[in-house]
Amino acid sequence: MTRVFSGIKPTGPVQLGNLLGALRHWVADQGEADTVFCVVDLHALTVPQDPAELRSRTLELAQLLVAIGIDPDRSTLFVQSHVPEHAELSWILECTASFGELRRMTQFKDKSDGADFVSAGLFTYPALMAADILLYDTDRVPVGDDQRQHLELSRDLAIRFNHRYGDTFVVPEAAIPKVGARVMDLQQPTRKMSKSEDSPQGTILVLEPLDSVAKKIKRAVTDNDTEVRFDPEAKPGVSNLLSILGACTGEDPATVGETYTRYGDLKAACAEAVVETLRPIQDRFAELAADPEGTAALLAKGAAKAREVAVPTLARARHNLGLLAPH
Ligand code: ATP
Ligand code: LTN
């Protein structure tokens with residue numbers, strides 16, 4: 001059976017881009033594949049985090065994933081730091097990656113640009129991501145478009161390692177959706193919507209009050225003329241709304257563009273589609289949030305299940321590398 005793996009960082013409240021670009025495809029993959037999903041808390045440490053907040057965000061993110069439809073009985077759902085094999089394989093892959101290829105990563109360039117403190121972990125981040133993926137013999141990785149380059153590097157590292165040390169890792173493929181892979185900020189539509197950037201009016205949170213969601217969409221920046229048309233280069237604001245609407249309804253954004261002539265009508269339809277997408281998630285989250293113990297227990301089970309796959313993969317990598325086995 002095809003193995004699917006993906007991860008999300010507990011760096012802030014989950015936003016609409018996470019849902020449309022990645023999480024809803026995770027849900028859809030269940031049943032079709034052997035699905036493994038991870039809250040990547042070690043990746044969150046690449047930028048400074050408040051300890052109490054990190055802890056509560058990690059638990060809440062797991063609850064949100066269940067609310068979205070990740071079924072812990074059908075998928076392996078766990079927290080990255082509960083499976084120590086990730087950090088160990090990450091070191092091995094840091095030694096497989098070159099300084100030059102890590103330096104070319106655009107996410108590193110964007111996140112380090114202008115930062116007061118750039119951790120070494122921010123630089124080696126893609127090696128840990130490759131470890132996440134390669135530990136599970138992953139065939140397919142559903143992610144948003146911003147992760148394309150990291151996925152390419154994961155593939156390169158798997159191929160290089162296999163070439164140097166013999167067949168060890170499965171070479172993974174990225175699965176990037178046609179619609180919704182790059183949801184843009186509503187106020188600055190040339191910038192990707194993000195959960196850790198400070199742009200409250202431009203970001204829709206999956207758990208924010210629904211009237212506020214509708215208001216933000218109605219106030220979204222459009223473009224200078226008045227024509228509704230899907231053209232991300234010339235009309236980034238309108239095209240973003242068309243993509244969001246298309247991703248929520250399963251339609252092609254260019255076709256959706258032909259349905260509307262006025263910005264106001266497009267915004268109203270988009271607001272309604274997003275609100276109706278979020279409503280059931282919010283209802284379900286409210287129930288799960290009342291049971292943190294239950295979530296902690298399911299994460300413990302998830303980590304145990306994950307280790308059943310991760311431990312033998314790491315042992316294979318250690319053996320092939322020539323690390324002496326402990327007696
Ligand atoms: P941060 O702002 O902390 O970098 P993020 O919002 O980019 O976080 P991640 O945890 O890095 O979120 O990503 C989780 C998944 O969501 C990834 O597969 C990523 O590609 C996807 N994703 C993130 N932002 C968007 C977006 N604006 N549009 C589509 N997919 C997105
Ligand atoms: N780097 C990703 C999060 C991430 C991930 C992974 C995604 C960490 N490990 C493994 C897919 C597979 C991000 O920044 N969105």
Side-chain angles (χ1 to χ4, degrees), residues 3-26 29 35-49 54 57-58 61 64-65 68 78-81 83 86-87 89-90 93 105-108 110-112 115 121-122 124-136 138-155 157-158 172-186 188-199 202-206 232 236 240 243-244 247 306 310:
R3 167 86 38 77
V4 163
F5 179 96
S6 201
I8 179 165
K9 291 174 286 186
T11 41
V14 171
Q15 41 91 9
L16 187 66
N18 302 131
L19 183 67
L20 300 184
L23 304 180
R24 62 195 196 113
H25 301 284
W26 300 10
D29 278 332
T35 40
V36 183
F37 300 119
C38 184
V39 176
V40 290
D41 54 348
L42 298 175
H43 274 108
L45 301 179
T46 54
V47 293
Q49 300 290 338
L54 176 62
R57 269 194 189 140
T58 302
L61 181 51
L64 184 63
L65 293 177
I68 287 169
F78 71 104
V79 174
Q80 187 185 32
S81 66
V83 178
H86 289 245
L89 184 60
S90 177
L93 294 174
M105 293 293 118
T106 54
Q107 182 170 305
F108 172 71
D110 293 346
K111 297 221 177 215
S112 58
L122 191 66
T124 58
Y125 178 115
L128 177 59
M129 176 163 166
D132 299 340
I133 296 167
L134 301 185
L135 267 180
Y136 297 94
T138 303
D139 300 294
R140 197 149 53 77
V141 187
V143 281
D145 185 64
D146 61 317
Q147 296 303 308
R148 197 183 285 277
Q149 194 186 28
H150 285 162
L151 249 298
E152 208 40 57
L153 180 66
S154 298
R155 287 172 58 84
L157 296 181
E173 303 261 350
I176 298 169
K178 284 204 178 70
V179 181
R182 186 169 276 272
V183 174
M184 308 308 276
D185 187 284
L186 297 178
Q188 297 171 66
T190 51
R191 200 174 93 172
K192 137 184 139 82
M193 193 180 281
S194 144
K195 64 172 128 59
S196 62
E197 296 291 327
D198 189 22
S199 174
T203 310
I204 291 177
L205 306 179
V206 169
N240 190 34
S243 294
I244 293 173

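As the structure lists them, so they are numbered: ligands from 1, and atoms in each ligand from 1.
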> Has ligand 1 got any nitrogen or oxygen that is less than 3.5 angstrom from a nitrogen or oxygen of Asp145?
Replying inline: no

> For atom 20 (O) of ligand 1, what is the nearest protein heavy atom, given as residue, atom name and distance?
Replying inline: Asp146 OD1, 2.5 Å

> When rounded to the nearest 0.5 angstrom, what is the spacing between CG in Leu122 and NZ in Lys111?
Replying inline: 8.0 Å

> At a 4.0 Å threshold, what atoms of ligand 1 neighbour a non-hydrogen atom of Gly180?
Replying inline: 29 (C)

>> For atom 22 (N) of ligand 1, tell me which residue out of Asn18, Thr46, Leu20 has the closest non-hydrogen atom.
In response: Asn18

> ligand 1 versus Val183, non-hydrogen atoms closer than 4.0 Å: side chain, backbone, both, neither?
Replying inline: both

>> Is the ring pair Phe78/Tyr136 parallel, tilted or perpendicular, if the boundaries are 30 and 60 degrees?
In response: tilted

> For residues Asp29 and Thr35, is any side-chain donor paired with an opposing acceptor at under 3.5 Å?
Replying inline: no

>> Counting non-hydrogen protein atoms only, what is the nearest one to atom 10 (O) of ligand 1? Give residue, atom name and distance.
In response: Lys195 NZ, 2.6 Å

>> Does any N or O of ligand 1 fall below 3.5 Å from an N or O anywhere on Gln147, backbone included?
In response: no

>> Just to confirm my output: which protein heavy-atom neighbour is closest to atom 10 (C) of ligand 2, and how far is it?
In response: Phe5 CE2, 3.5 Å

> Is it the side chain, the backbone, both or neither of Met184 that has a heavy atom closer than 4.0 Å to ligand 1?
Replying inline: neither

>> With heavy-atom distances below 4.0 Å as the criterion, list the atoms of ligand 1 near Lys111.
In response: 1 (P), 2 (O), 3 (O), 4 (O)

> Which of the atoms of ligand 1 are close to Ala22, meaning less than 4.0 Å from one of its heavy atoms?
Replying inline: 15 (C), 16 (O), 18 (O)

>> Pairs of nitrogen or oxygen atoms closer than 3.5 Å, one from Ser196 and one from ligand 1: do any exist?
In response: yes

> Quick one: does Trp26's side chain get under 4.5 Å of Leu23's, heavy atoms only?
Replying inline: yes

> Which of the atoms in ligand 2, numbered in the order shown and given with their element, are less than 4.0 Å from a heavy-atom of Val40?
Replying inline: 8 (C), 9 (N)

>> Just verifying a value: how many Å separate His86 NE2 and Cys38 SG, rounded to the nearest 0.5 Å?
In response: 5.0 Å

> Given Gly7, Ala44, Ala131, which one has a non-hydrogen atom that is nearest to atom 5 (C) of ligand 2?
Replying inline: Gly7

> Do you know which of Leu93, Leu153, Val141, Leu151 makes side-chain contact (heavy atoms from CB on, under 4.5 Å) with Met129?
Replying inline: Leu151

> Relative to the heavy atoms of Gly21, which atoms of ligand 1 are at a distance of less than 4.0 Å?
Replying inline: 29 (C), 30 (N)

> What protein heavy atom is closest to atom 9 (N) of ligand 2, reported as residue, atom name and distance in Å?
Replying inline: Asp132 OD2, 2.7 Å

>> Distance under 4.0 Å to a non-hydrogen atom of Lys9: what atoms of ligand 2 satisfy this?
In response: 14 (O)

>> Any heavy-atom pair between the side chains of Pro232 and Arg182 that's under 4.5 Å?
In response: no

> Just how far is it from atom CG of Asp139 to atom CD1 of Ile133, taken to the nearest 0.5 Å?
Replying inline: 12.0 Å

> So do the side chains of Leu54 and Leu45 get within less than 4.5 Å of each other, counting heavy atoms only?
Replying inline: yes

>> Under 4.0 Å from a heavy atom of Gln107: which atoms of ligand 2 are those, numbered in the order shown and with their elements?
In response: 14 (O)

> What atoms of ligand 1 come within less than 4.0 Å of a heavy atom belonging to Val143?
Replying inline: 18 (O)

> What protein heavy atom sits nearest atom 11 (O) of ligand 1, and how far away is it?
Replying inline: Lys9 CE, 2.9 Å

> Is any side-chain heavy atom of Leu205 closer than 4.5 Å to a side-chain heavy atom of Lys195?
Replying inline: no

> Going by heavy atoms in the side chains, are Ser90 and Thr124 under 4.5 Å from each other?
Replying inline: no

>> Please work out, at 4.0 Å between heavy atoms, whether the side chain, the backbone, both, or neither of Leu128 comes within that distance of ligand 2.
In response: neither

>> Looking only at distances, can you tell me whether any N or O atom of Gly17, backbone or side chain, sits closer than 3.5 Å to an N or O atom of ligand 1?
In response: yes

> atom 24 (N) of ligand 1: which protein heavy atom is closest, and how many Å away?
Replying inline: Lys192 NZ, 2.9 Å

> Judging by distance only, is a nitrogen or oxygen of Met193 under 3.5 angstrom from one on ligand 1?
Replying inline: yes

> Would you say Ser196 and Val47 make side-chain contact, with heavy atoms under 4.5 Å?
Replying inline: no

> Do any nitrogen or oxygen atoms of Ile8 lie less than 3.5 angstrom from nitrogen or oxygen atoms of ligand 1?
Replying inline: no

>> I'd like to check which ligand 2 atoms, numbered from 1 as shown, lie under 4.0 Å from a non-hydrogen atom of His43.
In response: 8 (C), 9 (N)

> Per the side-chain contact (heavy atoms from CB on, under 4.5 Å) rule, which among His43, Gln49, Arg57 passes with Pro10?
Replying inline: Arg57

> With a 4.0 Å heavy-atom cut-off (strictly under), which part of Ala181 contacts ligand 1: side chain, backbone, both or neither?
Replying inline: backbone

> Do the non-hydrogen side-chain atoms of Ile244 and Ile204 ever get within less than 4.5 Å of each other?
Replying inline: no

> Are side-chain N/O atoms of Gln149 and Thr106 paired as donor and acceptor at under 3.5 Å?
Replying inline: yes

>> So which atom in Ala247 and which in Leu20 form the shortest heavy-atom distance, rounded to 0.1 Å?
In response: CB-CD1, 3.9 Å

> At a 4.0 Å threshold, what atoms of ligand 2 neighbour a non-hydrogen atom of Val141?
Replying inline: 11 (C), 12 (C)

>> If we set the cut-off at 4.0 Å for heavy atoms, which region of Val143 has an atom near ligand 2: side chain, backbone, both, or neither?
In response: side chain

>> Does either side chain, that of Asp41 or that of Thr58, offer a donor lying less than 3.5 Å from an acceptor on the other one?
In response: no

>> Quick check on contacts: which atoms of ligand 1 are under 4.0 angstrom from a heavy atom of Arg182?
In response: 28 (N), 29 (C)

> Applying a strict 4.0 Å limit to heavy atoms, is Gln80 in contact with ligand 2?
Replying inline: no

> Which protein non-hydrogen atom lies closest to atom 1 (N) of ligand 2, naming both residue and atom, and how far is it?
Replying inline: Tyr125 OH, 2.6 Å

> Nearest protein heavy-atom contact for atom 3 (O) of ligand 1: which residue, which atom, what distance?
Replying inline: Thr11 OG1, 2.8 Å

> With a 4.5 Å heavy-atom cut-off, do Glu197 and Lys192 have their side chains touching?
Replying inline: no

> Tell me: protein heavy atom nearest atom 15 (N) of ligand 2, and distance?
Replying inline: Gln147 NE2, 3.3 Å

>> Among all protein heavy atoms in this structure, tell me which lies nearest to atom 18 (O) of ligand 1, with the distance rounded to 0.1 Å.
In response: Gly144 N, 3.2 Å

> OG1/Thr11 to CG/Asn18 distance, rounded to the nearest 0.5 angstrom?
Replying inline: 8.0 Å

